[in-house]
Every structure is written in C-alpha cells, then in structure tokens.
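Quick note: numbers below take in every heavy atom, side chains included, and nothing from hydrogens, waters or symmetry partners.
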Amino acid sequence: MDDIKQGFRKYFKAGNQRIIFSLIACIVGIGLMTLPRIMPKLLENKNSALLFDAEDSKQDGKYTYIDIIAIDDYSAYQGSDYYYVAVDTDRLLNVVKIDQSIYNQMKEQQTYWSTRGDDTTGELAPKPYRLYGVQKYLTDEYINAIGGSYNKTAAEMRKYVGSYYFSNGVEYDKDTVRILFLVGIVVIFNGAVSAFKLKKKNKNIENTIAYLESTGRLYEAWNELQTYLQTNKDGYCVILDNYVVSKQNGMMRPYEDILWAYRYVMRRNFVVVNQYALCRLVDGGKMELTPPGFSKKGAIEEILNTIAMKNPSILLGYTTENQRAYNEMTKH
C-alpha cells in the first residue's frame, strides 16, 4: 500500500520543492522592491570618487566629492530638499544639496562666508569640510529658486554656480524605484498565492489518499487510474469509470461523493479569464475540473453531463434552489 500512496503523491506531484520556489519568488520580489535603494550604497566607493566639477557633463550622475570652506545661509528649498551656495577650495561657487543636520555641522564654514571677502590669501579659511555625493544637473526649476534668493536671473546665476549641483549622500533613480517596487509587489503576490495553492494541494493529496484508504478503495482507484493512463492522455481533468480526478487540486473522488456540479466562470472587467466545472462534495469540499484549451464551455458541459450520467441524483447547474438544497444536504 505504501507504494501506491507514493505513486499517488508522484502522480499529483506532491512535495515542498515548488512551495520553496514560490517562497524564493517572494524573497526576489522583496529584493526588487529594496534593491534600487540599497544598491547605490553598496556601490559607494570613496576612494574612486571624482572631484566635483559643476561644468563637466561627463560626471553627470557620478559619485563625487567636494571640499567646502564657506557656505551661505539657507539659499532655497524645493519640497523637503535644501540647497545652499558654497565655496570650494578653488574658491568657486557651487550649489550643494545637503540635510539641515550636515549644514549645522559647518559652523566654521558659515562664519567664513561673511569674512572671506577680507581674506585674499586664504590664510583665514577653515579646514575644508569634505562631502561625498552625486553630481546632478541643475534644472531651471532649481536655478530659478536659488537665483531668487540673490535677485539674479537664471542665466546670471548659472555664470556663478555652473550647470551642475552637488547632492550629498547616495541617491537612487525614483522612476526605477517606483517601477521595481510595483514589479516586486506583483512577484510577491504571485509567489504567495502560488505557495498557498501548493500547500493546499499537498493537503488535498494526503486527504485523498487517507480517504481512499479508509473506504477501502485505494488499490481499486490506483488500478483504474493506471489502466486509463495506458491508453489515454493525462491532463488536469481525468474522467474515469468510477472516479473523477482533478490533478491540479490533488483530488480523486467517486462520483457518488459529488452532490452538486456546475460551470464556474471567472471574469475580470466583464471579460472571461477562466472557467471550469466545479464539483461540490458531500463533505463540503470543492473540486475544480479544468479541461484544456481556451474555449472550454463545450468541454465543461460534456464533463457535467458525464457526471450526471454517473450520478443521476446530482444537482446540476448553478441556481438558487440548488444552492439551498446543497446547503441542506451538507448541514451538520
């Protein structure tokens, strides 16, 4: 009997391997959601950082560093981002985007901003404050906001600060994050649904084996299935002389266990995406019989008619009366 049980498990493809793959898909989905945020930090390398150059278009998006000796009071902000005008060690003006906490650490550089005009030799300059970050293009939106703080037009302001600004820290592309976040959610959802279905199928397989064994039908059911497969093609739905098999559900039951059967149609936005024969069992369980192909209505009707011939007392078709009758028959 153990060989037959193992045979059923192999036929229905029982096991946890596919569940593990589904869970791995969930982990991959989480990775897709978080990768764009953590990857820039993983790739950060201060030793290979380039010196920030507000006029070098080849460094757009590159990891750079800047040494600041002077910085103005807050210049402009866009949303939650603050932009300041700072002076580097070459005494060039640059726009830097930094957090308030970083700005508050540059007390000496703030003080030197107001006195640097009197320091022609640079002897009074404080120790440069080094920052690492990304070089990014200074858009008209930002340059207009910054220029407004100095009563300068965008064109005038660009002559002073160049075409690029320095963004402290490591940044990620927001569009990429948004796309991968959505893809990650889809992958996680599908992985979770798949794992749930596979776990349920494994449970159905064990229940099927236990049921057939407890009713003394295990050997008979196995022989009938093997005899059928010798001359017929296997599929998700197998109609035998005395049993009906749902391979995708991991279930095999005699026809007398089916009390109600009808065509179940799944729609999305009024479009049919799937349909199958749904069998409602004496113990309250459900078994899906899905024929191959896309246009399945005729095949489903044939399955239902066959079940009705094997079990003439079956409730056939979905109606309110059949729903009530089935509920009464399975009421405990």
Side-chain angles (χ1 to χ4, degrees), residues 34-147 149-150 152 154 156-177:
T34 58
L35 184 63
R37 296 177 182 273
I38 65 173
M39 184 56 73
K41 294 182 180 180
L42 295 176
L43 296 177
E44 175 184 328
N45 187 346
K46 293 182 178 181
N47 294 328
S48 62
L50 304 171
L51 177 64
F52 175 78
D53 185 342
E55 294 295 346
D56 191 350
S57 60
K58 295 181 181 179
Q59 293 190 181
D60 187 14
K62 297 294 182 63
Y63 191 61
T64 60
Y65 71 91
I66 187 172
D67 292 322
I68 298 175
I69 61 172
I71 191 166
D72 194 5
D73 293 334
Y74 118 81
S75 173
Y77 70 92
Q78 290 285 310
S80 60
D81 297 328
Y82 287 81
Y83 297 82
Y84 299 84
V85 174
V87 179
D88 61 23
T89 51
D90 291 329
R91 295 188 171 266
L92 297 174
L93 291 175
N94 299 282
V95 174
V96 296
K97 188 185 82 169
I98 57 177
D99 294 334
Q100 286 281 280
S101 58
I102 299 295
Y103 175 78
N104 293 334
Q105 295 176 26
M106 291 190 282
K107 300 296 183 182
E108 295 181 12
Q109 286 74 18
Q110 295 172 38
T111 301
Y112 186 63
W113 176 272
S114 59
T115 62
R116 64 190 180 89
D118 301 327
D119 181 20
T120 57
T121 62
E123 294 180 356
L124 302 178
K127 181 180 178 181
Y129 193 101
R130 176 164 290 190
L131 292 173
Y132 290 89
V134 180
Q135 182 165 319
K136 305 187 71 175
Y137 180 69
L138 192 56
T139 64
D140 290 340
E141 179 185 8
Y142 295 154
I143 198 68
N144 285 329
I146 296 167
S149 301
Y150 295 94
K152 301 288 186 182
E156 291 174 328
M157 199 66 204
R158 284 193 186 277
K159 293 179 181 179
Y160 292 102
V161 299
S163 301
Y164 293 85
Y165 72 93
F166 176 89
S167 181
N168 182 222
V170 180
E171 297 194 352
Y172 45 82
D173 184 87
K174 293 182 180 179
D175 289 336
T176 301
V177 169

* Asked: Does any non-hydrogen side-chain atom of D72 lie less than 4.5 Å from one of Y150?
  -> yes
* To do: Tell me whether the centres of the aromatic rings in Y103 and Y84 are closer together than 6.0 Å.
  => yes
* **Flag if over 12 foreign heavy atoms under 6.0 Å of OH, Y160** => no
* Taking the side chain from Q59 and the backbone from L51, do they hold a donor-acceptor pair closer than 3.5 Å? -> yes
* May I have the step-by-step check of salt bridge (Lys or Arg N to Asp or Glu O under 4.0 Å) for D140 and R158, ending in yes or no? => CA-CA 10 Å; D140 290 340; R158 284 193 186 277; 3.0 Å; yes
* In Å, rounded to the nearest 0.5 Å, how long is the span from OH of Y164 to OG of S57? -> 4.5 Å
* **Residue pair I146, M157: steps toward the side-chain contact (heavy atoms from CB on, under 4.5 Å) verdict** => CA-CA 8 Å; I146 296 167; M157 199 66 204; 4.0 Å; yes
* Inter-residue atom distance R130.CZ - I66.CD1, 0.5 Å rounding -> 10.5 Å
* **Rounded distance [0.5 Å steps], CD1 in I98 versus CG in D81** => 12.0 Å
* Asked: Is there a donor-acceptor pair closer than 3.5 Å between any side-chain N or O of T64 and the backbone N or O of A49?
  -> no
* Asked: Can you check whether F166 reaches V95 side chain to side chain, under 4.5 Å on heavy atoms?
  -> no
* Asked: To the nearest 0.5 Å, how far apart are CZ in F52 and CG in D88?
  -> 8.5 Å
* **Pairwise side-chain contact, T89 with P128, heavy-atom cut-off 4.5 Å (strictly under)** => yes
* Heavy-atom pair of closest approach, residues A70 and Y112 -> CB-CD2, 3.8 Å
* May I ask you to decide if D56's main-chain N or O and Q135's side chain share a donor-acceptor pair within less than 3.5 Å? => yes
* Among V96, V85, V87, side-chain contact (heavy atoms from CB on, under 4.5 Å) partner for I71 -> V96
* To do: Establish, yes or no, whether a centroid distance under 6.0 Å links the rings of Y142 and Y83.
  => yes
* To do: Would you confirm whether E156, through its side chain, and K152, through its main-chain N or O, come within 3.5 Å as a donor-acceptor pair?
  => no
* To do: State the CG-CG distance between D90 and D67, to the nearest 0.5 angstrom.
  => 9.5 Å
* Asked: Quick check: does any side chain N or O of N94 sit under 3.5 Å from a backbone N or O of L92, one acting as donor and the other as acceptor?
  -> yes
* **Note, I143 side chain near V161 side chain (heavy atom, < 4.5 Å)** => yes
* So do the side chains of K97 and Y165 get within less than 4.5 Å of each other, counting heavy atoms only? -> yes
* To do: Would you kindly say whether Y129 and Q105 are connected by a side-chain donor-acceptor distance under 3.5 Å?
  => yes
* **Side-chain (Q109) to main-chain (K127) donor-acceptor, under 3.5 angstrom** => yes
* Asked: To the nearest 0.5 Å, what is the distance between CD (E108) and CD (Q110)?
  -> 10.5 Å
* Asked: Counting only N and O atoms by type, is there a donor-acceptor contact under 3.5 Å from the side chain of D99 to the main-chain atoms of S101?
  -> no
